[in-house]
Amino acid sequence: MNDLVDRYVHSVARHLPRESREDVTRELRTTIDDMVDARVAHAHDGADVREVLAELGDPRVLAAGYRSGPRYLIGPDQFDHYATALRSILSIALPVMLGIQLVFGNWEGDRSIVALLLSAIGGTLQVGVHIVLWTTVVFVVLERTGTQLDEAPSEWTPDDLPELPPERQIGLGDTIASVVVLLLIPLALLWQHNRSPFEDGEGAIPLLHPDLWSFWLPLLLGVVLVNVAFEAWKYHVGRWTMPLLVGNVVLNAAFLSVVGLTLGTQEVWNPEYLTAMAEHSDFALDDSPVLQLVFAGTVVVCVWDVVDALVAYFRGAKVQVAASRPDSKGHLA
Amino acid sequence: METDELLAGHVQELRRGTVVLASLVLLRRPYYGYALLSALAEGGFEVDANTLYPLLRRLEKQGLLRSEWNTDEARPRKFYEIAPAGEQVLEQLTAEWAELDRNVRRMLRRTTS
């Protein structure tokens, strides 16, 4: 019988802070004895330690009542900041990481596209887990040290209300589409490096000149990655602003320059590929205007992108001015 | 059935704060844990044991109660008694209680006439 009491008291004590453990358990023990005696005195048949312990309930719950400290990692004050931080870090870092892994994960070039994709996704997930873990740790420390992220959370006034967010110009769909299109470039480059209709003793014969990998293609991939990061930034801001507009022009110019310089100054086609192709078909790649077409296409896409952004910027600015002015009836447009 | 549960929840909500008030009143005289539990029950305040004991500790930590081990008898017991700060709180809580009661009565009179 006493065994039960010992076990109960021990179960409570385990969850108590050291400094109050002895005093609480001592009091708890006499309390249990009192409760049992009271039942006996009232002539309860079979009055029992068991009943008393059942009345006191789950030892963990009782112990929780004695503890005063917080029983959560991140409290309501910090939670919104925590969620926002996680969301914005993940939404930027994960696409960038995926891009980096897709481009640099297969430098050796001896793995299939599926294996490359799998390892890139796995690597990105790992990075995600780390981001979540360390962000959480930072916020738990902030919580435990009582750091307030809000300057004066108690003295809120209506003036603290944020402006209504301007309508979003740059949607998630647009951003995903842009990133996917951008990532097609590294994928295509890796693909042509590893897969080819022509093979020799060493394996596939790449379409593009292997020497390009010493400088020009990595440079191109770098520009593509910066573009992916830019797309994330663009989405984060949500609408066209002057810094975004400038960044857009600079990146388009950089992309166009790298493509133009590569096509204009380098030997683009792999001579072995041309030879192999000549054996199988009449089409002479090096005599065709393919490169000129590629360059022209790139110019069109880049110029279109810049003009499109400019139009959206000025249209957005107009909409905002109109929205902030009430019409004659006092309603917002 | 469902309304019974609903009612029980609201009643519990309503009574929650009054346990502190009733305990402070009784503890103008020293009590040990189980004796206080019984006295509260006798006075119409049925409190769960696992609610009351931790509550006493918290009130002591807040300085509203003070406690002392009495080892004169065979079974050593921890006796609690109201502290001066507790008296002040009790006074204000009592006044608050009286006002709540007045206000509820007044509103009831207005709405039922």
Side-chain angles (χ1 to χ4, degrees), chain A residues 1-2 4-44 47-72 146, chain B residues 8 12-13 15-20 22-23 26-27 29-43 45-83 85-86 89:
Chain A
M1 223 38 120
N2 272 334
L4 272 184
V5 176
D6 287 342
R7 279 157 59 195
Y8 189 88
V9 170
H10 174 74
S11 303
V12 174
R14 295 171 50 202
H15 300 288
L16 292 176
R18 199 172 294 273
E19 63 270 16
S20 64
R21 195 176 291 166
E22 200 196 319
D23 199 61
V24 170
T25 51
R26 196 171 160 211
E27 187 186 12
L28 183 60
R29 205 176 275 278
T30 60
T31 300
I32 292 172
D33 290 344
D34 283 339
M35 289 170 83
V36 173
D37 288 355
R39 278 165 196 260
V40 173
H42 284 91
H44 273 268
D48 196 20
V49 171
R50 212 170 264 281
E51 272 179 46
V52 169
L53 296 186
E55 190 186 331
L56 280 171
D58 190 334
R60 278 175 305 183
V61 177
L62 183 60
Y66 282 114
R67 275 202 308 262
S68 47
R71 302 187 64 213
Y72 45 78
Chain B
Q12 199 187 13
E13 198 75 17
R15 282 173 173 242
R16 186 162 293 159
T18 62
V19 174
V20 172
S23 301
L26 287 177
L27 286 172
R29 280 188 283 167
Y31 275 98
Y32 59 89
Y34 184 70
L36 180 65
L37 191 75
S38 312
L40 280 170
E42 231 166 86
F45 288 84
E46 291 279 357
V47 190
D48 285 338
N50 53 12
T51 307
L52 183 67
Y53 301 140
L55 174 69
L56 290 175
R57 293 260 163 185
R58 276 204 298 281
L59 294 180
E60 187 188 5
K61 218 171 185 181
Q62 291 170 1
L64 307 189
L65 300 180
R66 52 171 175 239
S67 70
E68 207 178 344
W69 278 96
N70 182 335
T71 50
D72 296 345
E73 292 176 52
R75 186 174 292 167
R77 290 192 173 107
K78 193 172 189 179
F79 278 78
Y80 294 89
E81 198 175 3
I82 196 164
V89 169

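Sequence lines set the chain letters: A, B, ... in the order given, protein chains first and strands last, and positions in each chain run from 1. Bear in mind that the values here come from a model prediction, so they are computed numbers and not experimental data.
In this structure, B:R16 places its CZ atom where more than 12 heavy-atom neighbours from other residues, nucleotides or ligands lie under 6.0 Å away. Other residues, nucleotides and ligands contribute only 12 or fewer heavy atoms inside 6.0 Å of the CD atom of B:E42. Residue-environment remark: CZ (B:R75) exceeds the threshold of 12 foreign heavy atoms within 6.0 Å.
Evaluation of the side-chain hydrogen bond (donor to acceptor under 3.5 Å, both in side chains) rule for A:E22 yields no partner, not counting sequence neighbours.
For chain B, the nearby parts of A:D23 are the backbone and the side chain; heavy atoms of each come within less than 4.5 Å. For chain B, the nearby parts of A:V24 are the backbone and the side chain; heavy atoms of each come within less than 4.5 Å.
The heavy-atom pair separating A:G65 from B:R58 by the smallest distance is O-NH1, 3.0 Å. The minimum heavy-atom distance between B:A49 and A:L56, with the atom names listed, is CB-CD2, 3.6 Å. Among all heavy-atom pairs drawn from B:P54 and A:Y66, the shortest one is CA-CE2, 3.7 Å.
The side-chain heavy atoms of A:D34 and B:Y32, taken from C-beta on, include a pair separated by under 4.5 Å.
We find the CD-CZ distance between A:E27 and B:F79 to be 11.0 Å, quoted to the nearest 0.5 Å. Rounding to the nearest 0.5 Å places OG1 of A:T31 at 12.0 Å from CG of B:N50.
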